[in-house]
Amino acid sequence: NAGVMQNPRHLVRRRGQEARLRCSPMKGHSHVYWYRQLPEEGLKFMVYLQKENIIDESGMPKERFSAEFPKEGPSILRIQQVVRGDSAAYFCASSPLVFTGELFFGEGSRLTVL
Amino acid sequence: AQRVTQPEKLLSVFKGAPVELKCNYSYSGSPELFWYVQYSRQRLQLLLRHISRESIKGFTADLNKGETSFHLKKPFAQEEDSAMYYCALSGRGGSEKLVFGKGMKLTVNP
């Protein structure tokens, strides 16, 4: 089992461009979570998704950010018109259908906005 | 609202010394508490959960509802315990999201 796969590992964007971060959950996992880690901060919950369904997006900024987990393919976190404050590490985690509190994390995608 | 506080950012001890990593939480319902660990160049992973009441790698943590705490303890630290430690909380029977504290860096010196 390859584990949670995130790509790209590093992404550089200029202000105003779009950033797309992808996450493939562990095999057999149906839930995906996105977290953001700003410098000197902990992991901030952003969104929790099941296939084709957003369960909890209470941590997502109201504008420019969106997430999806289609029936086929990876989950995608999309940031439109990036600003310097979006520079952070974005972590994806997955869990099986029955939630036990154990999340399996990817290695993260580091976004740098110039 | 769910909140997790780890009051200390850094802790440095010598090998063989006891360690206690503090975690306090705020939650109106019945919480489930966890400790996650990230070793150097590795992914964040679950260390232990309060509901299991088990010792993992010599670490234990007791949920104290009166003090709303879930401190992580180990009587004799080892160099391989050096890592980032995160306390996390989820709401039982409802929200399935995990809320994390800011983390604490433990360094165990030889």
Side-chain angles (χ1 to χ4, degrees), chain A residues 1-7 9-10 23-26 29-51 53-60 67 69 75 88-110, chain B residues 1-10 21-27 29-54 56 61 63 70 83-105:
Chain A
N1 199 332
V4 177
M5 302 300 291
Q6 289 188 247
N7 68 83
R9 293 291 313 282
H10 300 276
C23 169
S24 296
M26 282 183 72
H29 285 189
S30 56
H31 299 188
V32 165
Y33 304 75
W34 285 95
Y35 286 84
R36 177 165 64 173
Q37 186 175 43
L38 293 165
E40 302 298 316
E41 296 287 325
L43 289 163
K44 295 279 192 186
F45 169 79
M46 299 182 75
V47 62
Y48 158 42
L49 311 102
Q50 292 176 1
K51 290 272 187 186
N53 196 14
I54 296 175
I55 305 301
D56 184 339
E57 57 181 347
S58 57
M60 288 280 270
F69 189 15
S75 174
Y90 292 83
F91 289 90
C92 172
S94 71
S95 71
L97 183 62
V98 177
F99 181 73
T100 62
E102 182 169 14
L103 299 185
F104 294 82
F105 280 84
E107 294 180 295
S109 292
R110 182 163 296 279
Chain B
Q2 298 165 239
R3 185 160 42 201
V4 176
T5 304
Q6 293 181 251
E8 297 154 336
K9 282 187 176 181
L10 302 167
L21 284 66
K22 296 187 189 301
C23 172
N24 290 91
Y25 67 89
S26 173
Y27 183 62
S30 186
E32 292 195 27
L33 275 297
F34 309 85
W35 276 98
Y36 275 73
V37 62
Q38 187 172 26
Y39 301 104
S40 179
R41 297 194 188 90
Q42 293 187 29
R43 303 175 186 213
L44 189 62
Q45 58 187 289
L46 178 68
L47 178 63
L48 58 77
R49 65 193 90 190
H50 92 267
I51 205 165
S52 298
R53 294 184 164 274
E54 56 192 347
I56 304 292
L63 179 61
F70 188 57
M84 282 292 297
Y85 290 82
Y86 295 88
C87 184
L89 173 153
S90 76
R92 191 178 300 183
S95 167
E96 294 180 345
K97 73 185 186 194
L98 273 182
V99 174
F100 286 83
K102 291 189 177 183
M104 178 182 190
K105 184 175 181 179

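What you are looking at is a predicted structure, and each value in this text was computed from that prediction instead of being measured. Values below: every heavy atom of this structure, side chains too, minus hydrogens, waters and symmetry copies. Naming: A, B, ... by sequence-line order, numbering from 1 per chain.
- Of all the listed residues (A:S95, A:G59, A:G106), the one sharing the greatest number of non-hydrogen pairs under 4.5 Å with chain B is A:G106.
- Separating the CZ atom in A:F45 from the CD atom in B:Q2 is a distance of 9.5 Å, to the nearest 0.5 Å.
- For A:M5, the CE atom is loosely surrounded, since the number of other residues' heavy atoms within 6.0 Å does not exceed 12.
- When all heavy atoms of A:Q37 and B:Y86 are compared, the pair lying nearest together is NE2-OH, 3.1 Å.
- A:F104 does not touch chain B: none of its heavy atoms, backbone or side chain, sits under 4.5 Å away.
- Atom CD of B:Q42 sits about 14.5 Å away from atom CZ of A:F105, to the nearest 0.5 Å.
- Of the possible donor and acceptor atoms, one in the side chain of B:R43 sits under 3.5 Å from a partner among the backbone N and O of A:V4.
- B:F100 CZ to A:L103 CG: the interatomic distance, rounded to the nearest 0.5 Å, is 5.5 Å.
- Atom-to-atom distance recorded for B:R41:CZ and A:E107:CD is 12.5 Å, nearest 0.5 angstrom.
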